[in-house]
A.B. asks: 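Encoded as structure tokens, here's the structure I'll be asking about.
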Amino acid sequence: MARVGLTAERLIQAGAELADEVGFDQVTLSALARRFDVKVASLYSHLRNSQELRTGIALLALEELADRAADALAGRAGKDALTAFANVYRDYAREHPGRYAAARLRLDPETAAASAGVRHARMTRAILRGYDLTEPDETHAVRMLGSVFHGYVSLELSGGFSHSEPDSEETWARVLDALDALLRNWPAH
């Protein structure tokens with residue numbers, strides 16, 4: 001019989017909170033069971049395995065990020081939209097490092113297609129329409145933005161920029177200026 005109050009949604013939410021506290025790689029059904037002071041077997045009524053938990057946390061994180069990005073992008077275009085979008089990722093990663101890591105989890109194609117990841121791609125492409133890019137350049141630009149945002153945020157979270165000047169905030173602003181300039185002057189092939 002399922003323990004009163006435990007649901008898959010509640011377990012995934014608690015797993016997301018745990019990920020932010022101890023790191024996404026440390027989230028297991030055992031760790032979650034300890035959090036609720038139950039036996040691991042009690043969780044199997046709600047989740048098949050640790051992979052389902054990890055996937056659920058990833059889907060939650062993608063949804064949260066997409067909602068924040070949609071709010072931030074409303075009424076914006078060009079560099080203003082690019083900056084708002086980039087700042088959503090950076091701010092989310094700082095506030096929820098475990099969930100941010102979860103959002104990078106590789107999902108199977110069917111799960112990915114039904115996830116909020118599709119909304120992220122649409123929003124990124126909407127921003128790029130303001131730069132008049134066409135295919136395949138738009139796809140190249142989507143990949144470049146994802147790489148720069150994720151790379152910068154990951155290095156910053158790991159302390160990679162904390163031992164030198166100028167301040168990381170200044171560099172972030174310069175990176176966004178450079179991306180805007182590149183997108184406005186995308187090289188022709």
Side-chain angles (χ1 to χ4, degrees), residues 8-10 12-17 19-21 24 54-157 161 166-187:
E9 294 77 22
R10 185 168 179 216
I12 289 167
Q13 183 65 45
E17 292 165 9
D20 288 339
E21 294 166 18
F24 183 60
R54 293 171 60 75
T55 299
I57 297 167
L59 294 173
L60 172 70
L62 287 169
E63 191 72 35
E64 290 175 344
L65 266 168
D67 289 346
R68 285 186 182 199
D71 289 346
L73 288 174
R76 298 177 190 261
K79 184 179 180 209
D80 192 32
L82 177 69
T83 299
F85 192 67
N87 285 335
V88 163
Y89 280 86
R90 187 173 182 227
D91 293 345
Y92 187 82
R94 289 169 155 181
E95 292 171 38
H96 301 291
R99 292 178 209 205
Y100 180 77
R104 315 286 1 126
L105 182 69
R106 184 181 191 132
L107 302 173
D108 66 73
E110 185 177 311
T111 302
S115 78
V118 174
R119 287 176 56 206
H120 293 269
R122 284 186 194 137
M123 285 184 274
T124 306
R125 288 181 183 275
I127 292 166
L128 292 173
R129 279 194 291 278
Y131 291 99
D132 294 324
L133 297 181
T134 58
E135 285 299 342
D137 290 331
E138 190 175 281
T139 297
H140 296 315
V142 167
R143 292 173 180 168
M144 178 192 68
L145 291 177
S147 299
V148 171
F149 297 163
H150 178 65
Y152 193 94
V153 166
S154 296
L155 289 168
E156 187 177 49
L157 285 176
F161 304 140
D167 182 69
S168 183
E169 292 296 328
E170 184 179 335
T171 303
W172 180 248
R174 296 290 303 269
V175 165
L176 296 177
D177 287 344
L179 286 172
D180 175 63
L182 173 62
L183 291 168
R184 283 186 286 109
N185 300 290
W186 191 263

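All values reported here derive from a predicted model rather than from experimental measurement. If you read the sequence from its start, that first residue is 1, and numbering goes on from there.
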A.B. asks: Answer yes or no: is there an ion pair linking E138 with R129, defined by an N-O contact shorter than 4.0 Å?
C.D. replies: no
A.B. asks: Do side-chain atoms of D20 reach the backbone of R99 as a donor and acceptor pair under 3.5 angstrom?
C.D. replies: yes
A.B. asks: Which atom pair, heavy atoms only, marks the closest approach of A103 to A61?
C.D. replies: CB-CB, 4.0 Å
A.B. asks: Please name the residue in the list D180, L179, L176 that meets the side-chain contact (heavy atoms from CB on, under 4.5 Å) test with T83.
C.D. replies: L176
A.B. asks: Does F149 have any ring-ring contact (aromatic ring centres under 6.0 Å, His included) partners at least two apart in sequence or in another chain, and if so, which?
C.D. replies: none
A.B. asks: Can you check whether L62's main-chain N or O pairs, donor with acceptor, with R119's side chain at less than 3.5 Å?
C.D. replies: no
A.B. asks: Would you name the heavy atoms of M123 and A66 that are closest together and state the gap between them?
C.D. replies: CE-O, 3.5 Å
A.B. asks: Please walk me through it: do W186 and H140 pass side chain to side chain contact (heavy atoms under 4.5 Å, CB included)?
C.D. replies: CA-CA 11 Å; W186 191 263; H140 296 315; 3.9 Å; yes
A.B. asks: Output the distance between atom CG (L60) and atom OG1 (T55), rounded to the nearest 0.5 Å.
C.D. replies: 12.5 Å
A.B. asks: Taking all heavy atoms of R90 and all of V153, pick out the closest pair and write down the distance.
C.D. replies: CA-CG2, 3.7 Å
A.B. asks: Just do the side chain to side chain contact (heavy atoms under 4.5 Å, CB included) check on L82 and L145 with the steps written out, would you?
C.D. replies: CA-CA 9 Å; L82 177 69; L145 291 177; 3.9 Å; yes
A.B. asks: How far apart are the closest heavy atoms of F24 and A101, and which atoms are they?
C.D. replies: CB-CB, 3.9 Å
A.B. asks: Between R94, R68, H120, which is the residue that forms a side chain to side chain donor-acceptor pair (under 3.5 Å) with Y89?
C.D. replies: H120
A.B. asks: Output the distance between atom CG (L105) and atom CD1 (I57), rounded to the nearest 0.5 Å.
C.D. replies: 9.5 Å
A.B. asks: What closest approach, in Å, do S115 and L59 show between heavy atoms, and which atom pair accounts for it?
C.D. replies: CB-CD2, 3.5 Å
A.B. asks: Which heavy-atom pair separates P166 from E170 by the least distance, and what is that distance?
C.D. replies: CB-OE1, 3.4 Å
A.B. asks: Determine whether more than 12 heavy atoms belonging to other residues, nucleotides or ligands lie under 6.0 Å from atom CD of E110.
C.D. replies: no
A.B. asks: Would the H96 and Y100 ring centres measure less than 6.0 Å apart?
C.D. replies: no
